[in-house]
Amino acid sequence: MASEVKMRVLVTGGSGLVGKAIEYVVHQEAGKLEGEEWIFLSSKDADLVDVVQTRAVFEKYRPTHVIHLAAKVGGLYLHMMENLQFLRDNIRINDNVLQTAHEMGVTKVVSCLSSCIFPDKTTYPIDETMIHNGPPHDSNFGYSHAKRMIDVQNRAYFKQYGHHYTAIIPTNVFGPHDNFSMENGHVLSALINKTYTAKKEGTPVKVCGSGAPRRQFIYALDLGRLILWVLREYKEIDPIILTVGEEEEVSIKEAMHMVAKALDFTGEVLFDTTKSDGQMKKTASNVKLRRYLPDFTFTPLEEAIKTTCDWFVANYDIARK
Ligand code: NAP
Ligand code: GDP
């Protein structure tokens with residue numbers, strides 16, 4: 001007789017930055033418990049914009065639990081060009097995944113929001129209760145509205161069916177397997193690639209904007225560890241912010257210095273103020289997380305940037321860029 005599977009976890013977006021980090025925690029850090037099965041999906045397994053493909057992949061794996069990461073994702077400058085596509089793709093992906101999970105009796109879904117969906121005009125720090133308090137920043141309003149609807153939908157599934165579908169809110173994530181595109185990537189990965197290239201070619205690094213905006217960065221492996229905790233232990237429908245403390249927030253200029261140090265770059269750094277700064281800050285509170293996990297240790301930012309730079313250099317040929 002086949003042994004009973006305790007938990008069959010389907011990770012959508014399993015081939016991306018956060019998905020790869022969870023895979024590492026599951027397989028390399030003994031995150032997987034006995035009897036569990038973990039399936040990591042990429043868009044090659046199913047295009048989740050398409051409901052037929054979504055149902056087919058859920059039929060194939062019959063998950064009991066879902067970590068839903070798949071999304072159209074990009075840095076500030078891609079958002080500014082493609083707000084409509086970010087809105088439409090993400091609305092469809094999220095509805096397809098959540099509704100199919102419901103139809104197939106999935107016990108728990110953990111979906112991924114982002115701190116860039118918070119209101120633009122707000123007081124700081126922002127916390128979990130403030131998501132819907134006003135319009136998001138104009139630069140990424142498409143993505144933000146699609147993501148906000150996950151929270152609305154989770155509460156509706158709970159009200160109507162008692163389902164335990166919840167969401168996490170990470171701040172800016174970075175790490176190995178990120179998209180290091182200089183044009184479309186997020187800030188740290190783009191700056192790592194720009195700095196590596198500038199060093200090779202003996203040219204200056206061009207940072208977009210003034211360098212003054214501030215960001216709270218979370219290392220993907222720390223996030224992966226926290227997501228496993230959410231999957232196993234977190235019982236609320238209300239979302240939870242997963243990030244470092246407010247005091248760990250740094251300016252883009254400081255982050256650039258850390259990248260330069262990690263890559264041993266001593267050339268010129270230019271700030272292109274013709275490019276948008278985007279949101280000046282979106283400082284998020286991790287008080288709720290700290291109430292649950294007062295002792296969780298985050299990897300120091302400089303150390304995590306160094307590890308990411310080393311990974312990028314060692315994997316330059318296969319890295320997304
Ligand atoms: P990523 O590296 O770009 O990965 C995106 C993942 O989604 C990939 O596995 C990709 O598959 C999959 N995907 C995209 N479109 C798909 C589609 N139509 N059908 C099926 N799969 C699709 O992004 P990430 O940074 O890991 O993001 C993961 C989650 O974290 C997202 O929900 C994102 O909104 C959230 N988040 C990210 C950040 C950040 O700074 N990166 C911050 C806050 C929240 P392929 O690789 O096969 O294309
Ligand atoms: P955001 O945090 O959602 O705004 O997304 P990003 O990760 O794209 O970070 C954008 C911030 O980094 C803005 O303040 C940009 O001006 C700044 N920045 C500086 N250089 C770059 C770059 O090369 N790429 C990106 N994406 N942002 C950059």
Side-chain angles (χ1 to χ4, degrees), residues 11-23 40-50 53-54 57 67-80 85-86 89-90 92-94 96-97 110-118 136-137 139-140 143-144 146-147 150 167-195 205-218 220 223-224 227 241-243 251-253 255-256 259 269-282 284 320:
V11 183
T12 75
S15 55
L17 165 66
V18 181
K20 283 285 183 192
I22 295 176
E23 191 176 28
F40 293 87
L41 294 184
S42 84
S43 60
K44 291 187 194 76
D45 298 296
D47 178 358
L48 300 172
V49 170
D50 180 324
Q53 291 188 42
T54 307
V57 84
I67 297 175
H68 172 39
L69 307 172
K72 178 172 166 66
V73 173
L76 168 65
Y77 302 105
L78 188 64
H79 279 279
M80 288 170 71
Q85 214 53 46
F86 274 96
D89 282 2
N90 287 320
R92 289 177 184 192
I93 290 174
N94 298 335
N96 288 342
V97 167
V110 178
S111 297
C112 200
L113 312 181
S114 164
S115 60
C116 68
I117 74 168
F118 283 129
H137 194 264
S139 57
N140 57 14
Y143 173 86
S144 297
K147 286 277 184 189
I150 291 182
I168 53 166
I169 312 177
T171 53
N172 291 58
V173 191
F174 71 100
H177 301 281
D178 206 344
N179 175 5
F180 290 86
S181 162
M182 294 195 249
E183 292 77 34
N184 298 332
H186 287 103
V187 58
L188 270 183
S189 50
L191 290 181
I192 289 171
N193 191 1
K194 282 182 179 179
T195 306
V205 174
K206 269 201 198 130
V207 180
C208 303
S210 65
R214 302 181 69 77
R215 295 290 184 267
Q216 260 162 303
F217 292 102
I218 176 167
L223 180 59
I227 292 175
I241 292 171
L242 300 182
T243 195
S251 69
I252 300 301
K253 192 174 183 181
M256 176 62 225
V259 170
V269 177
L270 304 175
F271 292 88
D272 180 356
T273 51
T274 64
K275 296 262 167 61
S276 167
D277 270 336
Q279 255 170 305
M280 289 312 285
K281 64 176 187 173
K282 39 190 177 174
R320 277 188 292 164

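Start at 1 and go down the list; that is how both ligands and their atoms are numbered. The structure presented is a predicted model; accordingly, all values stated were derived computationally and were not measured.
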Heavy-atom pairs closer than 4.0 Å: do any link ligand 2 to the side chain of L188, the backbone, both, or neither? neither

What do we get for H68 next to ligand 1 when only non-hydrogen atoms under 4.0 Å count, side chain, backbone, both or neither? neither

Polar contact flag for L48 and ligand 1 (N/O pairs, less than 3.5 Å): yes

Give the contacting part of K275 toward ligand 2: side chain, backbone, both or neither, where contact means a heavy-atom distance below 4.0 Å. neither

Mind checking what makes side chain to side chain donor-acceptor pair (under 3.5 Å) contact with H137, not counting sequence neighbours? S139

Should V187 be counted as touching ligand 2, given the test is an N or O pair under 3.5 Å? yes

Partners passing side chain to side chain donor-acceptor pair (under 3.5 Å) against S210 (at least two apart in sequence or in another chain): D277

Please determine if N172 has a nitrogen or oxygen closer than 3.5 Å to a nitrogen or oxygen of ligand 2. yes

With backbone taken as N, CA, C and O and side chain as the heavy atoms from C-beta onward, which portion of Q279 lies under 4.0 Å from ligand 2: side chain, backbone, both, or neither? neither

N or O contact, L76 vs ligand 2, cut-off under 3.5 Å: yes

Counting only heavy atoms closer than 4.0 Å, does ligand 2 sit against the backbone of C208, its side chain, both, or neither? both

For ligand 2, find out whether one of its N or O atoms is nearer than 3.5 Å to an N or O atom of Y77. yes

Are any of the N/O atoms on G278, whether in the backbone or the side chain, positioned under 3.5 angstrom from an N/O atom of ligand 2? no

Touching ligand 1 at all, A46? Heavy atoms, strictly under 4.0 Å? yes

Please determine whether ring pair (Phe, Tyr, Trp, His ring centres under 6.0 Å) holds for the pair H79 and F86, giving the CA-CA distance in whole Å, both sets of side-chain angles, and the decisive distance to 0.1 Å. CA-CA 7 Å; H79 279 279; F86 274 96; 3.9 Å; yes

Judging by distance only, is a nitrogen or oxygen of H186 under 3.5 angstrom from one on ligand 2? no

The answer for which part of S276 has a heavy atom under 4.0 Å from ligand 2 is backbone

